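See structure below.
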Amino acid sequence: MHGSDHRQPAGLYDPDHEHDNCGVGFIANIKGRKSHEIVRQGLQILVNLDHRGAVGADPLAGDGAGILVQVPDRLLREEMAAQGVTLPEPGGYGVGMVFLPRVEDTRARCVASIERAIAAEGGSIIGWRDVPTDNSCLGESVRDEEPLIRQVLVAPPAGMTDQDAFERKLFVIRKQSHGKIWYHDADSEGDETGVFYITSMSSRTIVYKGMVLSGNLPVYYPDLHDERTESALALVHQRFSTNTFPSWKLAQPFRLLCHNGEINTVRGNINWMMARRQTMSSDILGEDLDKLWPLIGDGASDSATFDNALELLVAGGYSLSHAVMMMIPEAWNNNPLMDPPRRAFYEYHAALMEPWDGPAAIAFTDGKQIGATLDRNGLRPARYVVTSDDLVIMGSEDGVLPVADDSIIQKWRLQPGKMLLIDLDEGRIIDDEELKAQLASAHPYQEWLDRTQIQLEDLPEEIGAMSPDAETLLHRQQAFGYTQEDIKQFLTPMGLNGDDPIGSMGRDTPIAVLSDRPKLLFDYFKQCFAQVTNPPIDPIREELVMSLVSLIGPRPNLLELEGANARHRLEVRQPIISNLDLERIRQIENHVDQTFRAMTLSMTYPATEGPDGMEAAMERLFEEAENAVKGGYNILILSDRDVDADHIPIPSLLATAGVHHHLIREGLRTSSGLVVETGEARRVHDFCLLAGYGAEAINPYLAFDTLSDLAPRLGHDDVEKLQQNYIKAVDKGILKVISKMGISTYQSYCGAQIFDAVGLSDDLLARYFTGTKCAISGVGLDEIANEAVKRHAIAYQGVLQFSGALDIGGDLSYRMRGETHAWTPETIGLLQHAARSGDQNRYRAYAKKMNDQDRKLRNIRALFEIKFSDNPVPLDEVEPASEIVKRFATGAMSFGSISWEAHTTLAIAMNRIGGRSNSGEGGEDEKRFTPLENGDNMVSRIKQVASGRFGVTTEYLVNATDLQIKMAQGAKPGEGGQLPGHKVDAWIGRVRRSTPGVGLISPPPHHDIYSIEDLAQLIHDLKNVNPEARVSVKLVSELGVGTVAAGVAKAHADHVTISGFEGGTGASPITSIQHAGSPWEIGLAETHETLVRNRLRGRIAVQVDGGFRTGRDVVIGALLGADEFGIATAALVAAGCIMMRKCHLNTCPVGVATQDPELRKLFTGQPDHVINFFTFLAEEVRELMAQLGFRRFDEMIGQRDRLNSQAVIDHWKARNLDLSRLLHAVEPGPDVAIHQCEEQDHGLDKALDNMLIEKAASAIESGTPVTIETPVANTNRTVGAMLSGRIAKKHGNAGLPDGTIHVKLKGSAGQSFGAFAARGVTLELEGGGNDYVGKGLSGGRLIVYPPKAGNFAPERNIVVGNTVLYGGIEGECFFRGVAGERFAVRNSGVTAVVEGVGDHGCEYMTGGVVVVLGQTGRNFAAGMSGGIAYVLDEHGDFEDRCNHAMVDLEHIDENGPTSDGDVMADMTRDDARRLKSLIESHLELTGSGRARQILDLWDQYLPMFVKVFPTDYRRALAELNAASDQKKREGATVLAGE
Amino acid sequence: MGKVTGFKEIERRDSSYAPVAERIKHYREFVIPLPEDDLRQQGARCMDCGIPYCHNGCPVNNLIPDWNDLVYDGNWRGALDALHATNNFPEFTGRICPAPCEASCTLNITDNPVTIKNIECAIIDRGWQEGWIEPRISPRRTGKRVAVVGSGPAGLACAQQLARVGHAVTLFERSARMGGLLRYGIPDFKLEKQLIDRRLSQMLAEGVEFRSNVEVGVTISVDGVLAEHDAVVLTGGSEVPRDMEKTPGRELDGVHFAMDFLTQQNRRVAEEHIGDSRPILAGGKHVVVIGGGDTGSDCVGTSIRQGAASVTQLEIMPKPPEAENKALTWPNWPMKLRTSSSHLEGAERDWSVSTRAFKGDGTRVTGLELIRNEWKTAPDGRMSMVEIDGTEFEIKADLVLLAMGFLHPRHDGAVDGYGVDKDPRGNVLANEEDYKTSREGVFAAGDMRRGQSLVVWAIREGRQAAHAVDTYLMGSSSLPV
């Protein structure tokens, strides 16, 4: 790392975890006309994107901003002339913008390095220019870091006239200048060589950037205000970093691009780039290629890395757009709409470069062309406007630059995977179709593919290995640590059902390093997952972007442009291969012209060598692998099939990762494929790890053998089918796991190392798992080897206990001789008896059982010793329990996952003691908002806002003291949820605003949070609706969570929750419960440390949860830095839960987690039981506080020095643990708070709504209608929400009569326009909306149409942005124009008319009516379980654009069933009438020409409409209709009978 | 797994008994097992709890959910393996265990536990019937010799476990035949003795050497045994009964310890000589059993079979509640009224009764002088008994059987011979970790160590002691604990 002191890793903080998301924008003159005006406008865009950036504790220190413009020739020429230097012709010189250290001799070395590099490449220095700067606008914290900024002007080598060649030279010079200093000269710490950085060196472009607030950029760089600075383009970037540690070089733009988003696979991408070194060669670069190494590494950020790779591709001869398409390919393999040549283009390039996967809006330029592209999923917004005076203005938002209405020719957005390109030389926009068609036809890609691409399944049949006899099978199972649970809970259901199995409640077993039992190496790794800075993907509903295709074997030369090295490529459709397929690979030498040669290497070693032999065995394996590759073998099969009594298997993960990294180090990895044949892998997690560390295909032969053996017992005679199902289950599981990280292709996941280790030694990781992070260092190869040897002994040394049977396991269910659990018959009994009897002694017995872990370690906190004070305070001087309990909250459990009885018992209890209960996801019955007659209160003070937004109405939000945004859940971070239809009874359906009997899906991501600035926006939205409530963000512990938490604090959250992986769940894949997320101790320690470092800790309350069971746990949490505590499972146990782990089956026998009316009767919990528990807990805390010498709880927070981790641990694995990183204390410095004590500034005073509320005062009060007119701009965000919050507070969900408050606005509204608008509010907007229009709409009406003066056809232009109507409850919307992606996602009941939508329209919709008078994007109606949509299908291709999994398409029959009732009442009838009436309203309210045309030619248009009708919804409606008809008939019979 | 909704759909069904009139005519077992289909249905009721409370409720930690599921699947062989993984002698516990597992069953929250005991018994009976049970002969011999002293359930379990890891085990028994309390204490109508013989033959094949009619410390020297073996495990019973020596008339004829009475009958059934003692018979007599526990209950059943004119069972403690307070007891073993099959065969029961004196005709007992009592709880939780004046009454009694429990093991013989330390109650002092006594190389397990208890506890201790001894001898042990 190069950087100043506080960016060095220390404690748990690691700069690698920093994330940034941002605002990007550009402006360009299509004709290439240069002017200063463009620069000025670029800077204006930057200012208008300001709210997308962030500031930390220091108000003047932004996270960085910058601008890229064309080389300002006039300015430089005149400035240099003043120095007496004459510049060559424009383009004939390059300019390097250099950040230099302030320390003089270091600086001199840097300058010398540049000069040396220039000379070495044959160039010459024309001169140096000191760049004028004014640092009065810098924040104090960044001023220390401010570099000295100079420009170096470089002349090309003599005779070099080609400007592209000159650009390549400048690239080499820059790399050489940096490289020499960073990698060879860097000496002692703090010598500031890290400051040295060349922001750009080009003859075409220059970058001005820094740690400056965006508005101050031209103040800091007077050049930018200088009229002589002229450019035809300006690319700008405003950074929002999760951390505030100043880093001048991470400000953007970089040399070619700026990026809004996050590359999730960056670790793997870096590895693969390194791995290519030996196999890469370039005719164009020639020997210069070698000078570019190290290729990656002039910054810690993913964006910087991306820029490095892109530069290489461009220097290597790819056009900029071609290179971008290689790195961020659109989703091609599941797209029926893509034409064959383009598909061939992508398929061909897939072997050259794995995708750089993750949400991305990338704007790029080389000075000749400027463009932008979006990732395949369209997860970042990008809007643009083309004007009649030749401008293209692109930005993360619409309205970033005011443009006269009548000059607009086109308003559009970037679509997923699409590219916008402006060629300034040609003076025109090249649209996506044209550009890609041109690139795709530049070479005969299909022909190249046909010649080289081989599908594994097309190879000749071979004979796969047979299953062994029962005894051999058993021994192998034992050698690989199979347990009975593996068979029962994994292999059996996977084989039978083809699904990754589901479980419930949390994990309460020790992490692998604390377990007494030999654990598989897999168990030491935790899956990483996306939270906040990038979204997880729904691999089921958004399958079209996912791909499991894997390429096995060597990679082609990345820089070979002509397809000449046409190497064969071996492709598999998915990576889990059968025995037969493995044989095909093994025998491949005999086919395919001997292109491939496979060699099998053994992953076992002689048993006689014992545990000590493993290291040498690994070395031998490395040598064998290296020799094999050098000897021309290009597929290595690592195999442990030869395990037997004399051979111990090396853990397959160790061997795979080790060989993978060894080959990378040797530069050989891309010369060979890696296939793993192992008996060890069986659970989804195992396969993910092998993939994450480099396996291109995996053959789990023992899992197959086990299934064969099970088949007769399962009554299943088709063994092959079982195996296929099993593969299917693994595939689905892998997709789920990779999508949790926001990764969509196996190819980019492969080698991406998306895991954190827990309890493995730094040495082991560095050697075999290079680059993997670990919070607590622990066991090394010795212990790992010991575990393998133990398993081997069990199998082959006739150990009685296990002979004839597999080990019991006990990881998932408690078993006496299985894994240790916290919740046991004893602890549950003691706690329940204590809670019910109110007997504190029984509680003490319970707490003792939980806390004493001398014999059986379970968690990290067991290893801490609390250092008591020599001067304890008397117990009665310690803060009373009644105060301490206010810091406690119960967990987020929805009404739906648990019963009404259980839910309200917890709420009443928490309200009585002044704690908090949590609504969970799923709304809340409004009767709970009114206190009961006895004074009890059933309201959940914490209202959760989760991704499904079920029942999240304005009224719901205002009845809360805390609004919790659930980013992730401890038991299943990165996943959505599903409530099966049978759990949705009429009551739950009503509360969730859905149809009884229809299943509900919560998407994995919040569709309004794909990045940190999106989160800031949602926080802002919620704060507007309910300004009194604290807004909280719930995160799950993983490495880097502290950095995310810092970002959350900067996004103005009042509260953050860090959830440990022990947290519970109603239903979740077992893979997630067991293997995702980290212990809370790690996440909390990192969070507290990072917040204190950033001086943000005082502004935000930190809550921790996930496995809190006793007062000791609470005290340790406080000492590690928590203000508040979430305690869910223990509270639920006090109320009667007995940890059946049957929540997902609806069969809870104690009436807690069930909706079955019979079982609910069995619930016996009382609020008093819960109160008793929390009181005992607080008393235990008090007793410990007295011993610690603390009177007030606040004094205890963050006092890490009161924890001792040196306690002697006598445990064969745990004694190696090093907890020092957890206890690393940050010196907070004077005046820096270490617990929450300040308020966030939410900037609500700037809200437009203040004015609206004032003007609508009497309307709110007494319903007097009012009309308000006002201009609006993109900086006016969340218009209407605060007003609506006021209405809901006073009038509840009923609101005011329709149209009471009519607001007419003009302009481009900021994000979340009309969010949570209540009934009675009409917002009429002339102009356009950005993202999240009508979010959570709660009865209001929104009308948006483009400027009346516009010179374009509204129906072909965009009028509202992405994710419109997310979670809409009820109300009406009319949008004259096209909407972006995910229109009406999770709509519960809003009626909307729009003239076209992007991809994923009506996703997860459960109710309401959507009319689309134009084209839709792809994947329409994915996960749509309710409501209906009418789509005008003029081109007849809607069928291909629709996801048919849950819906039927119907034609609308003019003569279909009708009623004479309300046209919106019955979705099974009245279609034509309803559709027509909605279009008529649309015409009336928006003046839509499109509507007029359709109505004029109704008979022609009606047949072109398609009704999208969810199948389940139709069934449920029919049942409801039948039931009500039945009632009517019965009523009629009674009448008739009278 | 069972059937996910099985517990809601299927009613609990228990095995039944042969009619009283018929069963009291003989000493054979009289339980009528459920048919296979019913048993499998009953297995389906198991909910496969995330925390199987039964698994802990059971002292040997039987893998109950696992074998319930296997039975539901019809995989009896698999169920047998799972059962044997934790329990050496399910055929004993499947018959005579009071089934604490069922008390802790989650479905017992609503008083409908899974019929675990019946299923257990069915699995093991089926295993024997199918011939699936074979000796498990250790492939290796350790060369170590272990003496196990006392052949009750603890001794048997300990011996079998040790033999299976290759130790040479000698099992010493004072009586003529192996089995201890199983053979001589428990009536045949609850546990037929060929079940023990069948196991013994398996153990014989596994290499256990049986030496009966040998009393260590009496017939052979303690030091000799220790010298000839690498370890000695004391697994005797808790044999010294609680007496009423201070009660007037205790010396009268016709007042006997329950165990003397029961042992005689078992010997008769086995056609074994009853020894030197005079026959104790209930035929035609008014029998009073003092003590309300299981031994007392066995006396009731035996007396009825011998043709007693009447049988009355007295208990000093108050009548327990018919139903426990689940909220504060489950999953623990509750104090509640329990009625055994013997009680149903025609016995009077009375509670809160103290015996003031045995009445007699000078030599023989003729009746009892009794008084009602009540129990008071002091603030510190201690209970004390107060006799209620004016409630004195008398009942007829020709035979009085004292079944008030046992104090501790006999000390003469091995215990005193080895000179091992004792706990305050007079049991041999050793912990549940290493089962070591104060004498090097001498271990203790079962009632001798823990005091009177259930057969299932004895099996557990025997197994755990075997692990401890194996560890002691070999440095580590692969035997389960």
Side-chain angles (χ1 to χ4, degrees), chain A residues 484 488-489 492-493 503-505 508 713-715 793-794 797-805 808 810 812-818 821 823-830 832-837 839 842 1136-1143 1145-1150 1156 1158-1159 1162 1164 1166 1169, chain B residues 1 3-8 47-58 60-66 69-70 73-75 77-78 81-82 84-86 104-107 109-110 112 136 138-140 161 164-166 325-332 433 467 470 476-481:
Chain A
Q484 294 181 34
K488 183 169 144 185
Q489 306 267 27
T492 302
S504 54
M505 296 311 291
D508 60 343
R713 266 183 279 157
L714 299 175
I794 287 166
Q797 293 183 18
V799 174
L800 179 84
Q801 180 183 358
F802 303 108
S803 70
I808 190 75
L812 306 177
S813 304
Y814 170 86
R815 288 290 183 276
M816 195 69 185
R817 288 169 202 88
H821 285 255
W823 293 113
T824 64
E826 219 175 349
T827 50
I828 299 247
L830 284 168
Q832 293 194 336
H833 299 163
R836 290 169 184 156
S837 65
D839 178 354
R842 295 198 200 203
C1137 166
I1138 53 172
M1139 294 296 276
M1140 286 296 288
R1141 299 180 190 268
K1142 294 289 174 283
C1143 321
L1145 299 175
N1146 205 23
T1147 56
C1148 176
V1150 287
D1156 181 321
E1158 287 306 308
L1159 297 176
L1162 301 174
T1164 57
Q1166 296 294 325
H1169 303 165
Chain B
M1 269 172 277
K3 186 180 178 192
V4 171
T5 51
F7 73 102
K8 287 175 63 190
M47 305 161 85
D48 187 31
C49 303
I51 297 179
Y53 294 84
C54 56
H55 176 55
N56 231 44
C58 171
V60 292
N61 310 118
N62 275 337
L63 299 167
I64 295 164
D66 304 72
D69 184 42
L70 290 162
D73 278 349
N75 183 354
R77 181 77 205 243
D81 289 343
H84 267 149
T86 56
S104 58
C105 174
T106 298
L107 286 174
I109 296 177
T110 52
N112 279 299
R136 283 163 59 181
S138 171
R140 288 169 304 170
Q161 292 293 93
R164 285 177 174 179
V165 285
N325 179 358
K326 297 275 190 206
L328 296 182
T329 55
W330 184 88
N332 302 337
E433 290 293 309
H467 173 91
D470 190 31
S476 68
S477 175
S478 61
L479 285 169
V481 287

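Here is the naming used below: chain letters follow the sequence lines, and residue numbers restart at 1 for every chain. Just so you know, these numbers come straight off a predicted model, no measurement behind them.
For Thr110(B), the part lying near chain A is the side chain, with the backbone staying farther off; criterion is any non-hydrogen pair under 4.5 Å. In this structure, no portion of Ser138(B) lies under 4.5 Å from any heavy atom of chain A. Contacts between Leu63(B) and chain A at a heavy-atom distance below 4.5 Å involve the side chain alone, from C-beta outward. When heavy atoms are compared at a cutoff of 4.5 Å, Thr1164(A) does not approach chain B at all. Only the backbone of Thr824(A) comes within contact range of chain B, with heavy atoms under 4.5 Å apart. The part of Gln484(A) that comes within reach of chain B is its side chain, from C-beta onward, which places non-hydrogen atoms under 4.5 angstrom from that chain. Using a 4.5 Å cut-off between heavy atoms, Ile109(B) touches chain A through its side chain atoms alone.
The NE2 atom of His55(B) sits 7.0 Å away from atom CD1 of Ile808(A), with the distance rounded to the nearest 0.5 Å.
Applying the salt bridge (charged side-chain N to carboxylate O under 4.0 Å, His left out) rule to Asp66(B) yields the partners Arg815(A); only residues at least two apart in sequence or on another chain are considered.
Without hydrogens or angle criteria, Arg836(A) side chain to Leu328(B) main chain gives no donor-acceptor distance under 3.5 Å. Under a 3.5 Å cut-off, the side chain of Arg817(A) and the backbone N or O of Pro480(B) do not form any donor-acceptor pair.
Residues Met47(B) and Thr1147(A) have side chains not in contact (no heavy-atom distance under 4.5 Å, counting atoms from C-beta outward).
Across all their heavy atoms, Pro331(B) and Gly829(A) have their closest contact at CD-CA, 4.0 Å. Tyr814(A) and Pro52(B) get closest at one heavy-atom pair: O-CD, 3.3 Å.
With respect to chain A, the highest number of heavy-atom pairs below 4.5 Å among Asn56(B), Ile51(B), Thr5(B), Asn332(B) belongs to Ile51(B). Among Leu1159(A), Asp839(A), Leu1145(A), the residue making the largest number of heavy-atom pairs under 4.5 Å with chain B is Leu1159(A). Of the listed residues (Gly1136(A), Ala834(A), Ser813(A)), the greatest number of heavy-atom pairs within a distance under 4.5 Å of chain B belongs to Ser813(A). Of the listed residues (Leu812(A), Leu1162(A), Ile828(A)), the greatest number of heavy-atom pairs within a distance under 4.5 Å of chain B belongs to Ile828(A). Between chain B and the options Arg1141(A), Lys1142(A), Gln832(A), heavy-atom pairs under 4.5 Å are most frequent for Lys1142(A).
Side-chain contact of Asn75(B) with Arg713(A): a donor-acceptor pair under 3.5 Å is absent, judged by distance alone.
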Evaluate Trp330(B) against Ile1138(A) for side chain to side chain contact (heavy atoms under 4.5 Å, CB included), listing each step before the verdict.
CA-CA 11 Å; Trp330(B) 184 88; Ile1138(A) 53 172; 3.7 Å; yes
